[in-house]
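This report refers to the structure that appears directly beneath it.
Order of appearance sets the numbers: ligands from 1, and atoms from 1 within every ligand. Sequence positions, counted from 1, serve as the residue numbers for this chain.
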Amino acid sequence: MRLQLICITILQVAMVESLKEVSGYLGDNVTLPSGADTSWNLSKIEWSIFPNNTWIATYRKGKESIERFYRYKGRLTLNTTTGDLTIHNLNRKDAMDYSVDFDNVQGQNIVNKVKLTVTERLQKPTIETAISGLTNGGCWVMLQCSSTDQDVDFTWQVKPPNVTVLNTQDPNGSSAVQVAFLNTTQSGVEFTCTSSRQKENISHSVSPKCSVSIKPSPTPAALTPPPERCRSGVAVFGGVVLGCLLSAVVMCVFGDKIIKAWDIIKGKLRPSNNTAETEG
Ligand SMILES: *[C@@H]1O[C@H](CO)[C@@H](O)[C@H](O)[C@H]1NC(C)=O
Ligand SMILES: *[C@@H]1O[C@H](CO)[C@@H](O)[C@H](O)[C@H]1NC(C)=O
Ligand SMILES: *[C@@H]1O[C@H](CO)[C@@H](O)[C@H](O)[C@H]1NC(C)=O
Ligand SMILES: *[C@@H]1O[C@H](CO)[C@@H](O)[C@H](O)[C@H]1NC(C)=O
Ligand SMILES: *[C@@H]1O[C@H](CO)[C@@H](O)[C@H](O)[C@H]1NC(C)=O
Ligand SMILES: *[C@@H]1O[C@H](CO)[C@@H](O)[C@H](O)[C@H]1NC(C)=O
Ligand SMILES: *[C@@H]1O[C@H](CO)[C@@H](O)[C@H](O)[C@H]1NC(C)=O
Ligand SMILES: *[C@@H]1O[C@H](CO)[C@@H](O)[C@H](O)[C@H]1NC(C)=O
């Protein structure tokens, strides 16, 4: 008697064929494969949640029952041909091990397990834009791309590609800044930030335009003279133009993070500004 029991236990263990891993997105549908041979004619299908073997969907003697457990009520579809179970409108609690036990009409029995993981889809990144006033026939645009998602990488793309750009990435990877000089003759320049993680990615595009008007800012008036004075100031003060209004506007919008990026730009600009100085 005891030996028989042990034998049965061993047999049952041997019949557990595989543990499949399936991943679904929060709020989406996911299909758990039964693993049944497509040539099989299934006479019994029993899906249960593994830890305590609570049945959630069954098919016995031609009768389907998919409203067995409150947590899955109205969210299940059982394909009685394949034995596959579809869970609709996934939530985080659905992430666990499932077990399917099925018989074919010849009386063969198989038990398979499926491990379901539920992940959240990547959210569209947000782009904050700051535009300086018109200077030297164009304007500076600073774009900061960030996301609410963790562990994502950002990439910037510019169309057309002949726009002068400068990239900096936050060391934490929580945002990526791009600075570009837009020529006033260039219109419809598109900046696209793509947030990616593993095989998934999602993009957001903006097309900022040079604008003559500058938003009033809370910084002292001395730091934000009107654009005309600023433009003539370029030749006179050289690098001071940055302090004149660009940095004021940009700092207002982005705050601390930008200081690093801005230092780099200043470094890059210095040679051309010096040229302007000697010319003037
Ligand atoms: C999920 O399943 C429901 C019900 O069958 C369907 O209406 C919906 O379009 C499906 N959603 C997706 C993202 O496939
Ligand atoms: C599957 O089995 C059912 C019940 O035994 C039978 O009515 C049906 O014809 C079979 N279908 C196939 C494709 O063998
Ligand atoms: C079985 O486990 C599920 C998930 O952990 C739980 O919601 C359910 O109440 C349990 N059922 C029983 C009878 O313990
Ligand atoms: C069951 O799955 C098979 C194969 O994917 C499909 O052809 C069939 O239409 C499905 N049946 C139902 C009721 O969804
Ligand atoms: C950049 O490329 C576009 C089209 O590819 C062209 O029309 C434009 O003149 C170019 N601008 C500069 C400054 O080279
Ligand atoms: C990086 O993350 C740490 C901890 O979250 C934070 O204290 C620090 O300010 C962040 N650095 C930047 C440049 O955002
Ligand atoms: C803007 O573009 C025009 C033609 O594409 C070019 O002649 C001019 O020098 C550019 N201005 C600046 C500031 O780059
Ligand atoms: C985004 O994903 C698509 C396919 O899903 C791929 O073709 C593309 O190269 C990816 N882009 C980036 C920036 O990873």
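- Counting protein heavy atoms under 4.0 angstrom from atom 4 (C) of ligand 4 gives one or more.
- Leu26 is not connected to Leu122 by any chain of hydrophobic side-chain contacts under 4.5 Å among Ile, Leu, Val, Met, Phe, Trp and Tyr, and they are in different clusters.
- We find that Asp97 and Lys113 are not joined by a salt bridge, their nearest charged nitrogen and carboxylate oxygen being 4.0 Å or further apart.
- Salt-bridge annotation for Lys115 and Glu21: absent, with no side-chain N of the basic residue lying under 4.0 Å from a carboxylate O of the acidic one.
- Shown in contact with Thr194 at under 4.0 Å from a heavy atom are these atoms of ligand 8, numbered in order with element: 13 (C).
- Asp101 pairs in a side chain to side chain donor-acceptor pair (under 3.5 Å) with only one of the listed residues (Asn53, Thr58, Asn109), which is Asn109.
- By the 4.0 Å N-to-carboxylate-O rule, Asp94 lies too far from Arg71 to be salt-bridged with it.
- Of the protein's heavy atoms, Asp28 OD1, 4.2 Å lies nearest to atom 13 (C) of ligand 1.
- Atom 6 (C) of ligand 8 has as its closest protein heavy atom Asn201 ND2, 4.1 Å.
- Nearest to atom 8 (C) of ligand 4 by heavy atom, out of Thr86, Thr38, Asn79, Thr81, is Asn79.
- With rounding to the nearest 0.5 angstrom, the CG atom of Asp84 is 11.0 Å from the OG1 atom of Thr77.
- Which parts of ligand 1 touch His88 is read off a 4.0 Å heavy-atom cut-off, strictly below it: atoms 1 (C), 2 (O), 3 (C), 4 (C), 5 (O).
- In terms of protein heavy-atom proximity, atom 2 (O) of ligand 1 is closest to Asn29 ND2, 2.3 Å.
- Within the 4.0 Å cut-off (strictly below), a protein heavy atom is located near atom 11 (N) of ligand 8.
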